[in-house]
Amino acid sequence: MGSQVVVGGRKAKCSEWGAIVGPSKKGSGCVRVIAIEEHFITPLYREHVIPDEFRKFWLSSRSDVLGHDISEQYADMDAKRLAAMDEAGIDVAVLSFGAPGPQGFGPEIAIPMARDANDRLHEAVRRHPTRFAGFASLPTADPAAAVEELERCVTTLGFVGAMIHGHTQGSFLDEKKYWPIFERAEVLDVPLYLHPTAPHPAVMEAYFGDYEELARSAWGFAVDTGCHFLRIMFSGVFDAYPRLKIILGHLGEGLPFAMHRLQEHSWQAAKRRGLERTPLDYIRENLLVTTSGNWYEPAFLCTLLALGADKILFAADWPFEANKVASSFLENLSISDADRERIASLNAQRELRL
Ligand code: GRE
Ligand code: ZN
């Protein structure tokens, strides 16, 4: 069963973008599309992160498959990015700094790197206010500075949340020193997107030392990020900040598939630890997921059945994925058009107040 609606308000068949800002016009046959895991990079970041030999191989072979130059698109926040969005019918992209961003550095580098990225992102949103929105980049190596930057980004720059790229040089967010970040996100009523990065250094060595091709997007990202979310959950963060929402990409980094065993084999231990709710409760109440880079309908249907259509938000993962593949996946999913519209944009409009 294909879709009865056209995904993407900017497609030729649909009304002009300006006419459908806000909820899609009923009966127009067009669905607004908001993509929320779309990355950019800055010149300062490029000074500090030089691709190694494997990374160069990966970037070039992946670019060949996708039909665009990942490095070139990564740096663009104007015409090239917009053209690729237009071609795929993506109306709005919520942009975020690429991984590991400031999470890869100590405070001396991370603080100026995050501020610079956020200021550049703010400028890009000002240039294209109907097309872009922003997730803040946070210098987590200095938690107090991260809180301050989150506050600045949301209240002054108008950003709709923040993205954190996994561990900060080997330390995870369940550590109490990071909790003020969760506290401020809850007060500001914005979600935190927990995005993958290369796994913890010890895991990199023990699991992936001889198999670097498995360490990142093929497998290791999901393992590290899913585990990171569970550490946050078991530490009691959601008891302390019950209205906090964490977003995971890639259809929840495997968690929807694991929910039964996780609940069955840890709810008593969770209680023993003093948690107020069960693991499943937190997953149902505090987690949102996106479709980024996981174009596999069986996994999508598992996610839909496990979490429901109100918890899934559209994302492509540009420039590491092709926008057109992302939007045609959404367009062709065997789901109702009502659910398709929730995933395409209604959930993002509600959760990010777009
Ligand atoms: C990344 O390095 O950040 C990355 C990949 C592959 C897919 C998505 C992504 O290497 O963010
Ligand atoms: Zn991503």
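Counting from 1, the numbers follow the sequence of the chain as shown. Hydrogens, waters and symmetry mates are skipped; everything else that's a heavy atom, side chains included, is used. Since this is a predicted model, take the numbers as computed values, not measurements. Just follow the structure's listing: the first ligand is 1, and inside any ligand the first atom is 1.
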With distance as the sole test, does [X] use its side chain to make a donor-acceptor pair with the main-chain N or O of [Y] at under 3.5 Å?
X: N332; Y: S328; value: yes
X: D281; Y: R277; value: no
X: Y193; Y: S96; value: no
X: R353; Y: D189; value: yes
X: H39; Y: P319; value: no

Shared hydrophobic cluster, W318 / L66 (ILVMFWY, side-chain heavy atoms < 4.5 Å)
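No, no single cluster joins them.
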Pairwise distance CZ(R184) to CD(E151) - rounded to 0.5 angstrom
4.5 Å
Atoms of ligand 1 close to [X] [distance to a heavy atom under 4.0 angstrom, numbered from 1]:
X: H195; answer: 11 (O)
X: A99; answer: 3 (O)
X: S217; answer: 6 (C), 7 (C)

Select one of side chain, backbone, both or neither to describe which atoms of E321 lie under 4.0 Å from any atom of ligand 1, heavy atoms only.
neither
Less than 4.0 Å is my threshold; does some heavy atom of R55 fall inside it relative to ligand 1?
yes
Who's the nearest protein heavy-atom neighbour of atom 8 (C) of ligand 1, and how far?
D317 OD2, 3.3 Å
Nearest neighbour in protein (non-hydrogen) for atom 7 (C) of ligand 1
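Here the nearest protein heavy atom works out to F320 CB, 3.4 Å.
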Listing, residues 265-274 side-chain donor-acceptor contacts under 3.5 Å, not counting sequence neighbours, or none:
residue : atom : partner : partner atom : Å
S266    : OG   : L262    : O            : 2.6

With the Zn ion (ligand 2) as the centre, enumerate protein N/O/S atoms below 2.8 Å in chain and residue order.
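Listed by chain and number, the atoms are E37 OE2, H39 NE2, H195 NE2, D317 OD1.
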For the pair D91 and R131, find out whether any cationic side-chain nitrogen is under 4.0 Å from an anionic carboxylate oxygen.
no
Would you check whether Y74 has a nitrogen or oxygen atom less than 3.5 angstrom from a nitrogen or oxygen atom of ligand 1?
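So ligand 1 has no N or O lying under 3.5 Å from an N or O of Y74.
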Just say parallel, tilted or perpendicular for the rings of F54 and F57, cut-offs at 30° and 60°.
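The rings of F54 and F57 sit tilted, inter-plane angle from 30° to 60°.
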